[in-house]
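Structure first, then comments.
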Amino acid sequence: MNTVVKCHSVPKLLEVLKELTDDYQIYCPVKQDDTETFLPLEQIEQDELLTVGEILSKNEPPLYSIKSFLFPNSEVYLKFRRNHDKVDFTVHSQQPEPTIVIGGKPCDVESFDMIDKVFLQEPVDTFYKQKREQTIFITSICTSKGPNCMCEEFGVDKSEPKLSDILLIESEKTEEKSDGIYLKGVSEKGTKLIERLAELDGLQKVDNSPNLIEDKEEIEKLCPEAIKDKMEKLYDSDIWEDLAMRCLGCGICTYYCPTCHCYDINDYSRKGEGVRYRSWDSCMFSDFTNMAGGHNPRPTKADRIKNRFFHKLNYFVKQQGPLACVGCGRCAKNCPVGISLNTVLQKIGGQNNGK
Amino acid sequence: MENNPLVPVNGEVIEIIEESKDVKTFRVKPEKDINHLPGQCAMLSLFGVGEAIFSISSPPKRDYLDFSIKKTGKVTDILHQIEEGQQLGIRGPYGNHFPFEEIKGKDLLFIGGGIGLAPLRSLIKYALDNRDDYGNLQLIYGSRTPEDLIFERDIFKNWPSEENFEVNVAVDVESSNWDGYVGFVPQYLEELAPNPENTVAITCGPPIMIKFVLETLEKLGFNENQVVTTLEYKMKCGVGKCGRCNLDEHYVCKDGPVFYLKELKQIKSDFC
C-alpha cells in the first residue's frame, strides 16, 4: 500500500516543503522572465509560486528536462595546481546533497531508464550514480496528452511511471477549484519522504489518491524491434539529405532531449591552477567527431542527422533494448525548423499519420 | 569515493625519443600498473591543456608504456614541447586488443602506414617476446617521405636482423635520399603478394590506406577472418559513454579499436 498525503494547493505544499530545506535541496519549475526554469525553492518569490502550480498542472513537460540534476550541463570533476615542475591534482567531488526535484513529467523520469543503461553499466559513472541515489523525483502526473506528446506510444505509463519516487497528482478541478494535491510514495526513498511529510502541519495522510485517468486511451505502442528493422532500410535513403537541407545544426534537439547523454571534456586553467570539467555536447556539431589529424568520419550534416536518429531508433535498440526516446516532444516543440523524432517516424511509416 | 573511470593516475615521462620530424615516443612510467594488452589504448592528459587517446606502442610486461605521438593538434602540440621528468595524467587501458591468442601458430603480416605503425609495434614486439608462438613475420611499412618513417632503429636494424622477419619499407614520393621502394602501401603489398596460407594480416594507417589495403588483401586471397585492423576515432571518455566514437552501434573505444575484417564488413563504415 502506497502512502499518500494531501495538501490543498501547490503554494501551500511548497510552503510546507520549505521546512525541509535544512535537509534537502529542493528544486521547482518556475516561470521567470517569461521562461520556464528550475530554481531552488527558497529562491522562488511569493508572486512566482502560482507559476509553479501552472507548470505542474500542464499536460506537457516543462522546457528543461530534469536530467541536468543527475548529469549537469557542466560539471567540474578535477582540480589541479602547478607546483614548480609538479602538478597536483585532486578529484573535485562534492558529495551530492540530498535533493528533491519537483515537476518532472512521467516522460522525464522514465528517460533515466535510458541514461542509467549507459552511465550505470561498467565502468560506472560515479558522479551520476551518487546524484541518482541522493535525488528524489516528485513527478507531476499528466491527465491528458500535450500537443507534442507521444509518451504512451513510447511505452511510458503517464499515470504511474516506473522510475518515479513520488507521484504528484492534482485532483480534477471542478468549478475552477481544485480539491487538492496528492503526493503518493512509489520508491522506497520516496515513501520514506512521504512518511515524513505526513507529520508536517498542512499535509494530511489520506487513504488514496484520486484516479484521474479513468478512460485509458488505447494507444498502439511503438515496437522498438520493428522500428529498428525499418531504419535499416533507410540507411541509404535520401531523407537524410532532405533533412540536412533544413537542419541548422544548432543542437537544440540534443540539449532539450532527456535521453541524450553525449559529453565533452575540457580543461580550464589560469596562472598554474585549473579545473577539468565535462559538459553536454551535441552529435549535431561538425567538430563532434573531427579528429586532430583532420579526418572526420561524419563530415556532413546529413551524416550527423542520420547518426542521431539511428542512435535513437536503431543503435540504442540493438545495444540496450528500448528506443532512446520517451516521446516528450521537446524536439518537436523547440526545433527552429520543425524536425523532430516524429518527422522520422512518419517517414518510416511507423507512426499514426498526421501527428 | 569509488573509482571513477574519468579520473587519471599520475605518470612520469622517463624518456623521449625523437622518431621523425613530427613524431616522438614518450616513455611513461605510471604510478599504478596499467597492465595493457597489445593493441590497447590509454588517455594521456596534460593538466590545463586537455586529454587525448593514444595507442600504446610498447608490449605488455614492461614497467613503462610507450606512446608514439604525432604532432597534430592541441594536446599533441604541447606534448611535443615537454621534457623528460614531466608529469602526465594517464588512464586506461581502453578497448579490446589484438587477438594474440587466436593467431598463435600463424605467420603474421603487418601492414602499416605512417603513424599507424605505432599500435602494430605493440604486437610486433609481443610476437618477438613470444617468438616460439608465431611463425614468420613480415612488415610492409610506408610513409610519405623518408623523413616521416618512424621507429628507424626497429625497421632498419632490429627487426631485419631477427630470424624469419622480412621488413619491407616504402615511401610515397621519390626522394634524393631514398633508394628503396617508391609507391603507396597497398600497391607495394600487391607487388609483394604475400602468401595468405596460414597467415593473419594486421593493418593500421590512414583511413584511405586501410580501405585499399583491405581490398588488396582480399584480392590476394586473404579471407575476412585473416585480416585484422585497428582504428582511430576521436574519443573523450574512452569508456563508451560520451558518445562520439560510434561506428553504428559499436563504440571504437570499447568494442574496438581492433576489428576483424569480418566484423568491419557488417558495419557501415568508411573502410569497406
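The chains referred to below are lettered A, B, ... by the order of the sequence lines, with proteins before strands, and numbering in each begins at 1.
Between Phe89(A) and Pro8(B), the shortest heavy-atom distance links the atoms CZ-O, 3.2 Å. Residues Pro5(B) and Val124(A) come closest through the heavy atom pair CD-O, 3.2 Å. The nearest pair of heavy atoms linking Phe47(B) to Arg276(A) is CD2-NH2, 3.8 Å. Taking each heavy atom of Asp267(A) and Val49(B) in turn, the nearest pair found is OD2-N, 3.5 Å. Nearest heavy-atom pair, Leu6(B) versus Phe127(A), reported as atom, atom and distance to 0.1 Å: CD1-CE1, 4.3 Å. Gly73(B) and Ala292(A) get closest at one heavy-atom pair: CA-CB, 4.0 Å.
If you measure heavy-atom distances from Phe119(A) to chain B, the contacts under 4.5 Å come from both the backbone and the side chain. No part of Pro206(B) comes within reach of chain A, as not one of its non-hydrogen atoms sits under 4.5 angstrom from that chain. For Ile208(B), no part lies under 4.5 angstrom from a heavy atom of chain A. Interface remark: Phe316(A) contributes no atoms to any contact with chain B (heavy atom separation under 4.5 Å). If you measure heavy-atom distances from Val252(B) to chain A, you find no contacts under 4.5 Å at all. Interface remark: Arg270(A) contributes no atoms to any contact with chain B (heavy atom separation under 4.5 Å). For Asp255(B), the part lying near chain A is the side chain, with the backbone staying farther off; criterion is any non-hydrogen pair under 4.5 Å. For Tyr77(A), the part lying under 4.5 angstrom from a heavy atom of chain B is the side chain only. With a 4.5 angstrom heavy-atom cutoff, His295(A) touches chain B only via side-chain atoms. Residue contact with chain B, scored on non-hydrogen atoms closer than 4.5 Å, involves the side chain of Leu78(A) exclusively. Of the two parts of Lys70(B), neither the backbone nor the side chain holds a non-hydrogen atom closer than 4.5 Å to a non-hydrogen atom of chain A. Using a 4.5 Å cut-off between heavy atoms, Asp264(A) contacts chain B through both its backbone and its side chain. With a threshold of 4.5 angstrom between heavy atoms, Gln121(A) approaches chain B through its backbone and through its side chain.
Remark: Cys242(B) SG to Phe288(A) CZ distance equals 6.0 Å, nearest 0.5 Å. Atom CG of residue Asn4(B) and atom NZ of residue Lys129(A) lie 11.0 Å apart, to the nearest 0.5 angstrom. Residue Thr289(A) holds its OG1 atom at 8.0 Å from OH of Tyr233(B), rounded to the nearest 0.5 Å. Note that CG of Asn246(B) and CZ of Phe310(A) are 12.0 Å apart. Values are rounded to the nearest 0.5 Å. Taking CG of Asp281(A) as the start and NZ of Lys236(B) as the end, the distance is 8.0 Å to the nearest 0.5 Å.
Between the side chains of Arg244(B) and Asn290(A), no donor-acceptor pair is found at a separation under 3.5 Å.
More than 12 heavy-atom neighbours from other residues, nucleotides or ligands sit within 6.0 angstrom of NZ on Lys117(A). Heavy-atom neighbours of Lys318(A) NZ from other residues, nucleotides or ligands within 6.0 Å: above the threshold of 12. For CZ of Arg81(A), the number of neighbouring non-hydrogen atoms (other residues, nucleotides, ligands) closer than 6.0 Å is 12 at most. In Lys21(B), the NZ atom is crowded: over 12 heavy atoms of neighbouring residues, nucleotides or ligands sit closer than 6.0 Å.
Gln319(A) places a side-chain N or O within donor-acceptor distance of the main-chain N or O of Glu249(B), the cut-off being under 3.5 Å. Side-chain N or O atoms of Lys234(B) include none that pairs as donor or acceptor with a backbone N or O of Met291(A) at under 3.5 Å.
Highest contact tally toward chain B, considering only Cys262(A), Gly293(A), Gly274(A), Ser269(A), is held by Cys262(A) [criterion: heavy-atom pairs under 4.5 Å].
Asp125(A) and Lys241(B) are not joined by a salt bridge, as no carboxylate oxygen comes within less than 4.0 angstrom of a charged side-chain nitrogen. A salt bridge is defined here as a Lys NZ or Arg NE, NH1 or NH2 lying under 4.0 Å from an Asp or Glu carboxylate O, and Lys86(A) with Glu12(B) fails to meet this definition.
Between Lys268(B) and Glu232(A), the closest side-chain pair of non-hydrogen atoms falls below 4.5 Å. Side-chain atoms of Asp88(A) and Gln87(B), non-hydrogen and from C-beta on, never get closer than 4.5 Å to each other.
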